[in-house]
Protein chains: 2
Amino acid sequence: MAAMARVIESRRRNTRTKTGAVLSAELIVDAALSLVGEHGAAALSVRRLGAAIGCDPTAVYRYFASVDALFLAMADRLIAQALEGFEPGGDWKANLRAIAERTYGVYVAHPRVATAVASRVTGGAHESRVIDLVLGELHRAGFAGEQAVRLYRSFGDFVLAFSAVDADFLARPDEVRAADVQRWQDAYSDVDPGQFPHLAAEAPIVVAHAESSTFAFCLELLLDRLEALAA
Amino acid sequence: MAAMARVIESRRRNTRTKTGAVLSAELIVDAALSLVGEHGAAALSVRRLGAAIGCDPTAVYRYFASVDALFLAMADRLIAQALEGFEPGGDWKANLRAIAERTYGVYVAHPRVATAVASRVTGGAHESRVIDLVLGELHRAGFAGEQAVRLYRSFGDFVLAFSAVDADFLARPDEVRAADVQRWQDAYSDVDPGQFPHLAAEAPIVVAHAESSTFAFCLELLLDRLEALAA
DNA sequence: GTATTCTGTCAACGGTGTTGACGGTAAATT
DNA sequence: AATTTACCGTCAACACCGTTGACAGAATAC
């Protein structure tokens, strides 16, 4: 945990809160994750977090220098959660796919954490583990050195970027999401073939694809390219 | 403009603001874009926007139902800006690459807009144009129907997701960004080879790649895969 | 010339992250 | 065991944020 910067860490005392709770960084991360799990990403604020734990909201700042630091700690916990029970099989491509889908899954469930960490480093232990895992599969595929690092970075950034964006979309209120789909259909159900010939030609298919995410398909494109490179 | 939902549009009157300005949706979008250009993404708020224009902040709500709607309008303007002066050459792969890089460029300069629109539809005219452009290149490459649509969606989501994430990172205060790079180096400059053998093996290269974005490299992987599929 | 609708202004609400002072309490020191 | 020290939970407050509803003047319509 030494590398988890900006987390205030030192010996803790057994001081109790007004309602009797004994605080710790782990407990706060737990509470934050379950708060999001139960009431959605929008429910996560320092005040609500304090209410859920049973302490003054500002007590959180005794353990994390900012909510950003809290998000990083949550992210590392999420990585652990994503890898829980994962057993690499024989196929490196299938393993990478599984890692991507598991990571995508947990981040999509925690949009604000995903956004906060998408382009960054938690510095936590579980992050090191997943990087080692990915690099291991790439090594087995035959990549090494500079190329392996570039590919692992691309793979990681790809997964995180899609996770963050999709999470952001899914976390929107239902009405906003519905309005988006509606706008999509309005815009492309009646395209002028003179102005936009190619779009008009595919319009029905475009409209039909309004709601689905392209993550899985795009991931497959990436993995297929890796396979071609490995050969 | 009819499809640009949530923009309040009707005949406008010539009423002047206290400082003499005559408001319009276009003027507000202009002001918002230049506000971000001059003072950074964090400078964009309804209050500061009003101050920059020379009107009461809440006057913005006479033209846009919410800041989200304003962001969508800004996004469509940015698409136009990205495509300005673009002339497709003979190579569809090069054209797609150019479109991707131009789009990436404008969105990276406007992080909040990028985040707001990454997984969504502006419904604006310029958006239709860029989709038609991309679909046109894919048609020329030999793709059609379901596959062409899937590929265009993947391409678009890919570019937007990377743009949003990279924009978010670059928009962070310098100190936060520096702390991130530092944390990266701390975490991976001294890895235990027993625990994380693959990571330890590549550690020096990983550390060296701390700051660079993988967008261009990852885009090339995607385009290469498209090329293979087209053949 | 009157009526109506538009639209800029104002005050206010409820929310956010964060800071600094205060004081009791647990641990460290003597 | 007594005293000092450092911690850390609490409280009040600051400076923001997006958004709403009432109000009134001004431009258009009749």
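The sequence lines fix the lettering, A, B, ..., with proteins before strands; numbering per chain opens at 1.
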Could you check how far [atom1] of [X] sits from [atom2] of [N], rounded to whole Å?
| X | N | atom1 | atom2 | answer |
| --- | --- | --- | --- | --- |
| F64(B) | dG18(D) | CZ | C1' | 16 Å |
| Y63(B) | dG8(C) | OH | C1' | 8 Å |
| R112(A) | dG17(C) | CZ | C1' | 10 Å |
| I53(A) | dC8(D) | CD1 | P | 15 Å |
| R172(B) | dG17(C) | CZ | P | 15 Å |
| D56(B) | dA24(D) | CG | C1' | 14 Å |
| R62(A) | dT18(C) | CZ | P | 15 Å |
| L23(A) | dC8(D) | CG | P | 10 Å |

Please name the pair of heavy atoms, one in [X] and one in [Y], separated by the smallest distance, quoted to 0.1 Å.
| X | Y | result |
| --- | --- | --- |
| Y63(B) | S24(B) | CE2-CA, 3.7 Å |
| V207(B) | W184(B) | CA-NE1, 3.8 Å |
| L221(A) | S154(B) | CD1-CB, 4.2 Å |

Is the shortest heavy-atom distance from the side chain of F215(B) to the side chain of V108(B) under 4.5 Å?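 With C-beta onward as the side chain, the pair stays apart.
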
Between D68(B) and R112(B), does any NZ, NE, NH1 or NH2 come within less than 4.0 Å of an OD or OE carboxylate oxygen?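 No salt bridge links R112(B) with D68(B).
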
Check this for me: does any side-chain nitrogen of one of R77(A) and D30(A) sit under 4.0 Å from a carboxylate oxygen of the other?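 Looking at R77(A) and D30(A), the cut-off is met.
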
Identify, residue by residue, the members of residues 28-50 of chain A with a heavy atom below 4.0 Å from DNA chain D, and return them in order of residue number, or none.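 Output list: R47(A).
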
Taking the side chain of T15(B) as heavy atoms from C-beta outward, which of dG8(C), dT10(D), dT19(D) is closest to it?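 In terms of side-chain proximity for T15(B), the closest of dG8(C), dT10(D), dT19(D) is dG8(C).
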
Look at the side chain of A59(B) and decide which nucleotide, out of dT10(D), dG8(C), dG17(C), has an atom nearest to it.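 The answer is dG8(C), which lies nearest to the side chain.
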
Test: salt bridge (charged side-chain N to carboxylate O under 4.0 Å, His left out). Region: residues 126-137 of chain A. Which pairs qualify, not counting sequence neighbours?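 Of all non-adjacent pairs touching residues 126-137 of chain A, those that pass salt bridge (charged side-chain N to carboxylate O under 4.0 Å, His left out) are E137(A)-R140(A).
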
Would you say T17(B) reaches dT7(C)'s phosphate, i.e. side-chain N/O to OP1/OP2 under 4.0 Å?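 T17(B) to dT7(C) OP1/OP2: no side-chain N or O under 4.0 Å.
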
